[in-house]
Novice: 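Before I ask anything, here is the structure I am working with.
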Amino acid sequence: MEVYLHLLFFEKNMAVRIVIGAQWGDEGKGKVVDILSAEADYVVRYQGGANAGHTLKFDDTTIVLHLIPSGMFNGNSKCIIGNGVVVDPIALVEELKEVESLGVDLKERFFISSSAHLILPYHKVLDKVKEKNRGSDAIGTTGRGIGPAYVSKVSRIGIRMLDLLDMASLEEKVKKNLKDINVALKNVYGEEPLDGDEMIAQLKPAVEIVKPYITNTTEVLHDALENGESILLEGAQGSLLDVDHGTYPYVTSSSPTAGGACSGSGIPPLAITHSMGITKAYCTRVGNGPFPTELEDAAGEKLRKNGQEFGATTGRPRRCGWLDLVALKYAIRLNGMNELTLTKLDVLDDFETIKVCTHYKLDGEKTTVFPLDTEHVERVKPVYKSFEGWNTSTRNISNFDDLPAKAKEYISFIESYTGVKFTIVSTGPKRSETIIL
Ligand code: GDP
Ligand code: IMO
Ligand code: MG
């Protein structure tokens with residue numbers, strides 16, 4: 001029966017779509033997932049943790065989601081935190097309360113994988129002390145404990161959601177891990193050791209709230225596939241922050257790219273029908289690491305001001321620059337993206353000139369290859385094609401034909417360069433400010 005499973009998906013015309021950041025994060029994935037979730041039976045986060053900040057704006061509501069999938073507010077899709085996510089139970093409870101306060105009934109609609117790993121208070125402490133210790137080589141992490149939690153997972157000392165179901169065993173595991181961690185905190189980082197009893201007491205109330213949502217989500221998703229239901233896989237971060245394919249070591253510790261969607265949810269690769277990349281009409285990055293098209297001038301400042309480019313999780317100002325087509329093409333190839341969404345077109349409305357990077361010069365040589373050596377990414381010089389700005393507002397436009405001709409020209413150039421069509425163009429943060437093609 002399994003052999004014919006993928007044929008079945010197509011017979012039932014079911015969409016299993018991954019939504020992936022095509023840059024360094026914050027491309028507007030939350031907005032897009034919120035819109036697409038109206039048509040989805042399931043929305044699944046598959047990697048990362050509360051380092052993500054996905055902003056949704058509808059009616060008079062603005063909410064930033066860090067762990068809960070962005071499918072809670074538009075329609076009735078079931079939302080899953082998949083096995084590949086690292087979950088801070090204390091942060092999750094805060095978010096569950098916020099979502100409930102907006103009138104959402106989580107029962108029967110929200111599930112957490114029993115094999116998702118936990119972010120415990122010691123991971124957050126380690127994240128901060130390790131960053132401090134790196135000095136000028138700091139990655140600029142979000143401080144949410146992401147790196148240390150994935151280290152625990154890979155070194156096979158991680159504690160999982162299913163461990164929350166047995167408090168005595170949880171306590172034993174936390175205390176066992178703390179023994180090693182406290183030695184490192186004291187002797188390597190010169191910090192105070194952490195108290196196990198205090199940590200357990202801090203966790204207990206959150207555990208009680210989270211417990212009812214823990215289940216075998218792999219099974220839930222396999223059943224959904226067999227029943228021909230549609231699934232939206234919500235990536236966090238972006239392709240260029242991928243631990244394998246990004247600008248290492250200035251990356252996150254998970255795989256936001258398409259492969260990560262399968263391992264982080266249990267959905268088999270042949271079930272994926274669509275890979276959608278989200279790109280801004282320009283480019284941003286938070287934290288450290290190379291950014292070839294970064295603008296450290298008035299134009300960069302204007303992008304930050306127009307685009308309100310401040311981190312949704314940490315509030316840090318985002319670094320801004322022109323759209324980098326070399327990097328975008330790399331992301332498209334990494335993920336097999338067969339559709340694209342362009343966000344924040346409106347941010348370019350009052351620019352006299354708009355530039356896009358079409359290739360790099362590396363030591364004088366022209367290249368369209370995104371280098372794997374981060375030191376080379378630091379050294380490349382972007383070469384630009386300039387476009388005349390359209391100098392009129394595109395904000396709130398929801399019909400492609402109503403866009404100014406110069407904006408259409410800009411869009412069409414990106415499509416011809418990448419060979420992939422835009423299926424959504426976003427002209428503002430709200431749901432209504434969207435062109436569906
Ligand atoms: P995510 O992490 O990819 O979900 O993106 P973030 O929520 O961190 O950042 C995107 C920001 O841009 C949010 O504040 C959104 O409300 C906003 N946004 C999304 N699409 C548009 C758009 O088309 N135009 C404008 N002006 N803002 C947008
Ligand atoms: P969303 O899902 C933008 C960046 C951090 C830092 C690096 C490593 O909202 O797009 P980490 O805390 O993950 O160890 O930090 O990754 N980063 C993000 N940048 N958007 C995000 O998420 C990010 N999540 C992590 O700034 O440079
Ligand atoms: Mg974000």
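Just so you know, ligand 1 is whichever comes first in the structure, and atom 1 is the first atom listed for that ligand. Everything quoted here is computed from the prediction, not taken from an experiment.
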Novice: Within the 4.0 Å heavy-atom shell around G30, which atoms of ligand 1 are there?
Specialist: 4 (O)
Novice: Which residue holds the protein heavy atom closest to atom 10 (C) of ligand 1, what is that atom called, and what is the gap in Å?
Specialist: D26 O, 3.8 Å
Novice: Is the F351-W322 ring centre distance short of 6.0 angstrom?
Specialist: yes
Novice: Taking the side chain as everything from C-beta on, heavy atoms only, tell me whether D242 gets closer than 4.5 Å to Y248.
Specialist: no
Novice: Should M276 and L36 count as side-chain neighbours, where that means a heavy-atom distance under 4.5 Å?
Specialist: yes
Novice: Under a 3.5 Å distance rule, please check whether Y384 uses its side chain to pair with a backbone N or O of H359 as donor and acceptor.
Specialist: no
Novice: Tell me, which protein residue and heavy-atom name are nearest atom 7 (O) of ligand 1, and how many Å apart are they?
Specialist: T55 OG1, 2.6 Å
Novice: Passes ring-ring contact (aromatic ring centres under 6.0 Å, His included), F111 versus Y213? Steps please.
Specialist: CA-CA 5 Å; F111 308 92; Y213 302 109; 8.3 Å; no
Novice: From atom 9 (O) of ligand 1, work out which of R318, E234, E309 has a heavy atom at the shortest distance.
Specialist: R318
Novice: Tell me the protein heavy atom at minimum distance from atom 16 (O) of ligand 1, and give that distance in Å.
Specialist: P429 CB, 3.4 Å
Novice: Of the backbone and side-chain N, O or S atoms of G53, does one lie nearer to the Mg ion (ligand 3) than 2.8 Å?
Specialist: yes
Novice: What residue pairs, at least two apart or across chains, pass ring pair (Phe, Tyr, Trp, His ring centres under 6.0 Å) with a residue in residues 43-102?
Specialist: F58-F73
Novice: Is there a nitrogen or oxygen of L345 sitting under 3.5 Å from a nitrogen or oxygen of ligand 1?
Specialist: no
Novice: If we set the cut-off at 4.0 Å for heavy atoms, which region of T427 has an atom near ligand 1: side chain, backbone, both, or neither?
Specialist: backbone
Novice: Would you kindly check if the NZ (Lys) or CZ (Arg) of K132 is within the cone defined by 45 degrees around the ring axis of Y189 and under 6.0 Å from the six-membered ring centre?
Specialist: no
Novice: Tell me which one of K29, H66, K31, K344 gets a heavy atom nearest to atom 17 (C) of ligand 1.
Specialist: K344
Novice: Is it the case that T314 and R316 place a side-chain donor and acceptor less than 3.5 Å from each other?
Specialist: yes
Novice: At a 4.0 Å threshold, what atoms of ligand 1 neighbour a non-hydrogen atom of H54?
Specialist: 1 (P), 2 (O), 4 (O), 7 (O)
Novice: With a cut-off of 6.0 Å (strictly less than), are more than 12 heavy atoms of other residues, nucleotides or ligands near NZ of K408?
Specialist: yes
Novice: Who are the side chain to side chain contact (heavy atoms under 4.5 Å, CB included) partners of N338, not counting sequence neighbours?
Specialist: H274, S275
Novice: For ligand 1, which atoms, with element, lie under 4.0 Å from some heavy atom of S426?
Specialist: 20 (N), 21 (C), 22 (C), 23 (O)
Novice: Under 4.0 Å, heavy-atom basis, I'd like to know which part of A312 is in contact with ligand 1: side chain, backbone, both or neither.
Specialist: side chain
Novice: Pull out every atom of ligand 1 sitting under 4.0 Å from any heavy atom of G428, numbered as shown with elements.
Specialist: 20 (N), 21 (C), 22 (C), 23 (O), 24 (N), 25 (C)
Novice: Nearest non-hydrogen contact with atom 24 (N) of ligand 1 belongs to which option: D346, T343, D349?
Specialist: D346
Novice: Name of the D26 N, O or S atom nearest the Mg ion (ligand 3)?
Specialist: OD1
Novice: Suppose we screen for salt bridge (Lys or Arg N to Asp or Glu O under 4.0 Å). Which residues come up paired with R134, at least two apart in sequence or across chains?
Specialist: E131
Novice: Would you say the side chain of I63 lies within less than 4.5 Å of the side chain of L102, judging by non-hydrogen atoms?
Specialist: yes
Novice: Suppose we measure from atom 2 (O) of ligand 1 to each protein heavy atom; which comes out shortest, and what is that distance?
Specialist: G53 O, 2.8 Å
Novice: So do L170 and I159 actually touch side chain to side chain, heavy atoms under 4.5 Å?
Specialist: yes
Novice: Any protein N or O within less than 3.5 Å of an N or O in ligand 2? List each pair with its distance, or say none.
Specialist:
unit_1: ligand 2; atom_1: 2 (O); unit_2: H54; atom_2: NE2; d: 2.7
unit_1: ligand 2; atom_1: 2 (O); unit_2: Q237; atom_2: N; d: 2.8
unit_1: ligand 2; atom_1: 9 (O); unit_2: D26; atom_2: OD1; d: 3.0
unit_1: ligand 2; atom_1: 9 (O); unit_2: G53; atom_2: N; d: 2.9
unit_1: ligand 2; atom_1: 9 (O); unit_2: G53; atom_2: O; d: 3.2
unit_1: ligand 2; atom_1: 10 (O); unit_2: D26; atom_2: N; d: 2.8
unit_1: ligand 2; atom_1: 10 (O); unit_2: D26; atom_2: OD1; d: 3.4
unit_1: ligand 2; atom_1: 10 (O); unit_2: K29; atom_2: NZ; d: 2.7
unit_1: ligand 2; atom_1: 12 (O); unit_2: T142; atom_2: N; d: 2.9
unit_1: ligand 2; atom_1: 12 (O); unit_2: T142; atom_2: OG1; d: 2.6
unit_1: ligand 2; atom_1: 13 (O); unit_2: N51; atom_2: ND2; d: 2.9
unit_1: ligand 2; atom_1: 13 (O); unit_2: T252; atom_2: OG1; d: 2.6
unit_1: ligand 2; atom_1: 20 (N); unit_2: D26; atom_2: OD1; d: 3.1
unit_1: ligand 2; atom_1: 20 (N); unit_2: D26; atom_2: OD2; d: 3.4
unit_1: ligand 2; atom_1: 22 (O); unit_2: Q237; atom_2: NE2; d: 3.4
unit_1: ligand 2; atom_1: 24 (N); unit_2: Q237; atom_2: NE2; d: 3.1
unit_1: ligand 2; atom_1: 26 (O); unit_2: G140; atom_2: O; d: 3.4
unit_1: ligand 2; atom_1: 26 (O); unit_2: V286; atom_2: O; d: 3.1
unit_1: ligand 2; atom_1: 26 (O); unit_2: R316; atom_2: NH2; d: 2.9
unit_1: ligand 2; atom_1: 27 (O); unit_2: V286; atom_2: O; d: 3.1

Novice: Under 4.0 Å between a Lys/Arg side-chain N and an Asp/Glu carboxylate O for E309 and R304?
Specialist: no
